[in-house]
Amino acid sequence: QVQLVESGGGLVQAGGSLRLSCAASGLTFSSYTMAWFRQAPGKERVFVAHISWNGISTDYADSVKGRFTISRDNAKNTVYLQMNSLKPEDTAVYYCATTHLRFRLWISGSYDYWGQGTQVTISS
């Protein structure tokens, strides 16, 4: 049974930083693409970042480029999202997801498994 468990969310002031973690189990972690999505109240879930199985390839939504960094540690079965220079518009529930696919990775429907989400709230 695949499980993804996010942690690290919280309340911070604008301009601050947070580091999200997602611990995976029940799958051969090093074979899977990992991603972060987010969903703000009343809005659709949207792509934030993804990272290839070997950590070499990454991609980001334009809204977070230069501020967020996705990384992974295959020895720990964990993917991270370092978020810097946070803005109130980054407020959302952040979800970790995984897929065996290596294309169309900005689409939520491409992902096989999801975590339960972690709340990130940025105050102005």
Side-chain angles (χ1 to χ4, degrees):
Q1 180 182 1
V2 176
Q3 285 194 320
L4 302 176
V5 180
E6 301 98 333
S7 62
L11 171 64
V12 298
Q13 290 188 331
S17 298
L18 279 174
R19 188 195 197 200
L20 306 183
S21 299
C22 172
S25 61
L27 75 168
T28 305
F29 182 77
S30 59
S31 298
Y32 282 76
T33 296
M34 300 298 297
W36 290 94
F37 284 73
R38 67 186 182 186
Q39 187 168 17
K43 297 188 177 181
E44 293 184 347
R45 190 172 300 187
V46 297
F47 169 74
V48 174
H50 69 71
I51 186 166
S52 61
W53 62 276
N54 56 7
I56 292 177
S57 176
T58 60
D59 194 19
Y60 298 89
D62 287 344
S63 59
V64 306
K65 279 182 180 176
R67 300 188 299 122
F68 291 12
T69 302
I70 189 171
S71 62
R72 66 190 296 160
D73 185 338
N74 286 347
K76 296 183 177 180
N77 286 7
T78 301
V79 62
Y80 305 97
L81 187 68
Q82 178 66 45
M83 306 186 295
N84 299 328
S85 303
L86 284 161
K87 305 175 181 180
E89 51 264 43
D90 293 319
T91 295
V93 177
Y94 283 70
Y95 296 92
C96 172
T98 185
T99 179
H100 65 286
L101 297 177
R102 298 184 181 183
F103 52 89
R104 301 183 70 190
L105 297 175
W106 62 94
I107 300 173
S108 60
S110 298
Y111 290 81
D112 304 311
Y113 302 101
W114 294 83
Q116 82 290 347
T118 185
Q119 177 70 48
V120 171
T121 304
I122 312 302
S123 62
S124 58

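The residues of the chain are indexed from 1 along the displayed sequence.
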Fill in the blank from the handout: Applying salt bridge (Lys or Arg N to Asp or Glu O under 4.0 Å) to Lys65 and not counting sequence neighbours gives Asp62

Exercise for the section: Verify the cluster assignment for Val79 and Val48: are they in a single hydrophobic cluster under the rule of side-chain heavy atoms below 4.5 Å apart? Expected result: yes

Fill in the blank from the handout: Taken to the nearest 0.5 Å, the spacing of Met34 CE from Ile51 CD1 works out to 9.5 Å

Handout entry: Minimal non-hydrogen separation, Leu4 against Tyr113, with atom names
Key = CD1-O, 3.6 Å

Exercise for the section: Begin with the C-alpha distance, continue with both residues' side-chain angles, and end with the deciding distance and a verdict on side chain to side chain contact (heavy atoms under 4.5 Å, CB included) for Phe29 and Lys76. Expected result: CA-CA 9 Å; Phe29 182 77; Lys76 296 183 177 180; over 6 Å; no

Practice task
Please check if the side chain of Thr118 supplies one atom and the backbone of Gly9 the other of a donor-acceptor pair under 3.5 Å.
Solution key: yes

Practice task
Indicate, with yes or no, if Leu105 and Ile107 share a hydrophobic cluster defined by side-chain heavy-atom contacts under 4.5 Å among Ile, Leu, Val, Met, Phe, Trp and Tyr.
Solution key: yes

Practice task
Output the rest of the hydrophobic cluster of Trp53: all Ile, Leu, Val, Met, Phe, Trp and Tyr residues reachable through side-chain heavy-atom contacts under 4.5 Å, sorted by chain and number.
Solution key: none

Practice task
Only counting residues at least two apart or in another chain, list the ones meeting side chain to side chain contact (heavy atoms under 4.5 Å, CB included) with Ser71.
Solution key: Tyr80

Problem - Tyr32 with Leu81, same ILVMFWY side-chain cluster at under 4.5 Å - result: yes

Problem - disulfide bond (SG atoms under 2.5 Å apart) partners of residues 91-123, not counting sequence neighbours, each pair once - result: Cys22-Cys96

Problem - Closest approach of Pro88 to Ser124 (non-hydrogen atoms, all atoms of both residues) - result: CG-CB, 3.9 Å

Completion exercise
With sequence neighbours left out, the residues meeting side chain to side chain donor-acceptor pair (under 3.5 Å) with Ser52 are Asn54

Practice task
Among residues two or more places apart or on two chains, list those pairs meeting salt bridge (charged side-chain N to carboxylate O under 4.0 Å, His left out) that have a residue in residues 46-58.
Solution key: none

Handout entry: Inter- and intrachain pairs under side chain to side chain donor-acceptor pair (under 3.5 Å), touching residues 4-28, at least two apart
Key = Glu6-Gln116, Ser17-Asn84

Practice task
For residues 77-99, pull every pair meeting salt bridge (charged side-chain N to carboxylate O under 4.0 Å, His left out), keeping only residues two or more places apart or in separate chains.
Solution key: Arg38-Asp90, Arg67-Asp90

Exercise for the section: Measure the CH2-OH distance between Trp114 and Tyr95 for me, rounded to the nearest 0.5 Å. Expected result: 9.0 Å

Practice task
For the residue pair Gln119 and Thr91, establish whether any side-chain heavy-atom pair is separated by less than 4.5 Å.
Solution key: yes

Handout entry: side chain to side chain contact (heavy atoms under 4.5 Å, CB included) involving Val120 - partner list, sequence neighbours excluded
Key = Leu18, Leu20, Met83, Tyr94, Ile122

Problem - Qualifying side chain to side chain donor-acceptor pair (under 3.5 Å) pairs with a residue from residues 100-112, counting only residues at least two apart or across chains - result: His100-Asp112

Problem - Any donor-acceptor N/O pair, Thr98 side chain to Thr33 backbone, under 3.5 Å - result: yes

Exercise for the section: Please report the shortest heavy-atom distance between Ser30 and Asn74, naming the atom on each side. Expected result: CB-ND2, 3.6 Å

Exercise for the section: Please report the shortest heavy-atom distance between Val2 and Gly26, naming the atom on each side. Expected result: CG2-O, 3.5 Å

Exercise for the section: Only pairs at least two apart or in different chains count here, so list each salt bridge (charged side-chain N to carboxylate O under 4.0 Å, His left out) that has a residue in residues 7-17. Expected result: none

Exercise for the section: Enter the distance from Glu44:CD to Phe37:CZ here, rounded to the nearest 0.5 Å. Expected result: 12.0 Å

Problem - salt bridge (charged side-chain N to carboxylate O under 4.0 Å, His left out) pairs, two or more places apart, involving residues 115-124 - result: none

Completion exercise
Shortest non-hydrogen pair, Trp36 vs Ile70, comes out as CD1-CD1, 3.6 Å

Exercise for the section: State yes or no: do Val12 and Phe68 share one hydrophobic cluster built from I, L, V, M, F, W and Y residues joined by side-chain heavy-atom distances below 4.5 Å, directly or via other members? Expected result: yes

